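In this text the structure is predicted, and so the values were computed from the model without any measurement. Read the numbers this way: they start at 1 and go in the same order the structure lists the ligands and their atoms.
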Amino acid sequence: MTYRHIEATPISGALGALITGADLSQLNDDVFQDIHQAFLDYQVIFFRDQDITPEQQINFARRFGEIHHHPYMKGMDEYPDILEILKEPGDSYTFGAAWHSDQMFNPSPAKATMLYAKETPAVGGDTMFSSMYKAYDGLSDAMREMLKTVKTFNVGDRFKNMGGGARSERYAGNPTMANKVRDPGNLITESHHPLFRTHPETGRKALYIGSHTQGLEGMRSEEADPIVDYLRTHSIRPEYLCRFQWKPGSLALWDNRCVQHYAVPDYNERRRMHRITIAGDVPV
Ligand code: SIN
C-alpha cells in the first residue's frame, strides 16, 4: 500500500505495519487521513519515537471517534480518558494476558484501542495481535455455513476460561491494577454479538470471538464449548499473528473489529502504558 504523506512497512504477512513520516504531536488532516487508511488496511499500526503529552494522545484518539471509558477500570485522576496500565517488578498478574477484543461484553464494543509506551522492560512485555479476517477466511465453507447466523454470549467479568474469579481477585497479583477496579454500576456488561461480523468500514467479514465469549446462543454448553474452544485455538494460528516489541515512545493503534490481542506476560520489570479506547458501533 502507498500513501501520500506516510510510509507503512508491514511487520508480518498477516497484519500490522510500522508507520513512519508522522509526528503525532502535530498532526494535520492530510496525514491523519493516511493514518486512518493505513489503520483500515493493516488492522494494527505502530509508531516509534513519539513524544506526546496526554492531551496530544487524547486529541489523536478523538480523531477516530468518541472516547470510551472502561466500565470496570478507573482512568487516571488527571486524565480520566486514559487508563494507565502499570506492572511493577514482583507483580505476578499481567493486565490483558488473554486473547481478547476490547469491550466485547458491551452492546457497542470498542472500535479501536491506542496504547502508548511510557516505560518498558529491556526485553519482554511484547503485545501480540491476531487477524480475525484471516481467521474467518481460514475456516472451511462447511464451518462458515453451519455457524453463519450464530451469536456469541459475552461477559465482562468472571470468565469461564480464566477460572471464573472476579477482576479484583484475578488482579490480586498486581495491586496497582487491582486498586483501579470499579463497580460498573448499572452499565450493561453482558452482550450477544454475531460470531461472524462485517467490518462497517471495509465490508470484510471477521471471526468475532475472545476471552469474553462464554457460549453460543441457542446451543447447550456441551455443544457450544468445543466449538468456542476450537475457534479460539484456530483464531491464533501463527500465520494469523504479528508481534510488537515496545520501546518508550512507541504507540500502537488496533482495530478491535477485526483484531484480537494478547499482552505477553514474560517479564519482571516495570512496564507503564497509557491506554485510550475509542467507542464503536453495534456489531452486525
Ligand atoms: C490490553 O489488553 O489492552 C493491554 C495490552 C498490553 O498491555 O500490551
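- Each of the following atoms of ligand 1 lies closer than 4.0 Å to a heavy atom of Gly96: 2 (O).
- Relative orientation of the Phe244 and Phe46 rings is parallel, given thresholds of 30° and 60° on the angle between their planes.
- Using cut-offs of 30° and 60° on the angle between ring planes, the pair His192 and Phe153 is tilted.
- At least one heavy atom of Leu115 sits closer than 4.0 Å to an atom of ligand 1.
- Here the protein heavy atom with the shortest distance to atom 4 (C) of ligand 1 is Ile85 CD1, 3.8 Å.
- Note on ring orientation: taking the six-membered ring where Trp is involved, the planes of Trp254 and His261 are tilted (angle from 30° to 60°).
- Atoms of ligand 1 found under 4.0 Å from any heavy atom of Arg271 (numbered from 1 in listed order, with element): 6 (C), 7 (O), 8 (O).
- Which of His261, Gln260, Met114 comes nearest to atom 2 (O) of ligand 1 through a heavy atom is settled by distance: it is His261.
- Checked by atom type, the side-chain pair Thr113/Asn256 shows a donor-acceptor distance below 3.5 Å.
- Ring geometry for Tyr133 versus His199: interplanar angle of 30 to 60°, hence tilted.
- Within the structure, ligand 1 lacks Met273 among the residues with a heavy atom less than 4.0 angstrom away.
- Considering both main-chain and side-chain atoms, Arg275 comes within under 3.5 Å of ligand 1 through a nitrogen or oxygen pair.
- For ligand 1, the atoms closer than 4.0 angstrom to any heavy atom of Thr127 are 6 (C), 8 (O).
- For ligand 1, the atoms lying closer than 4.0 Å to a non-hydrogen atom of His100 are 2 (O).
- No hydrogens or angles considered: a donor-acceptor pair under 3.5 Å links the side chains of Ser235 and Gln260.
- Between Trp99 and Tyr262, the ring-plane angle classifies as parallel under the 30° and 60° cut-offs.
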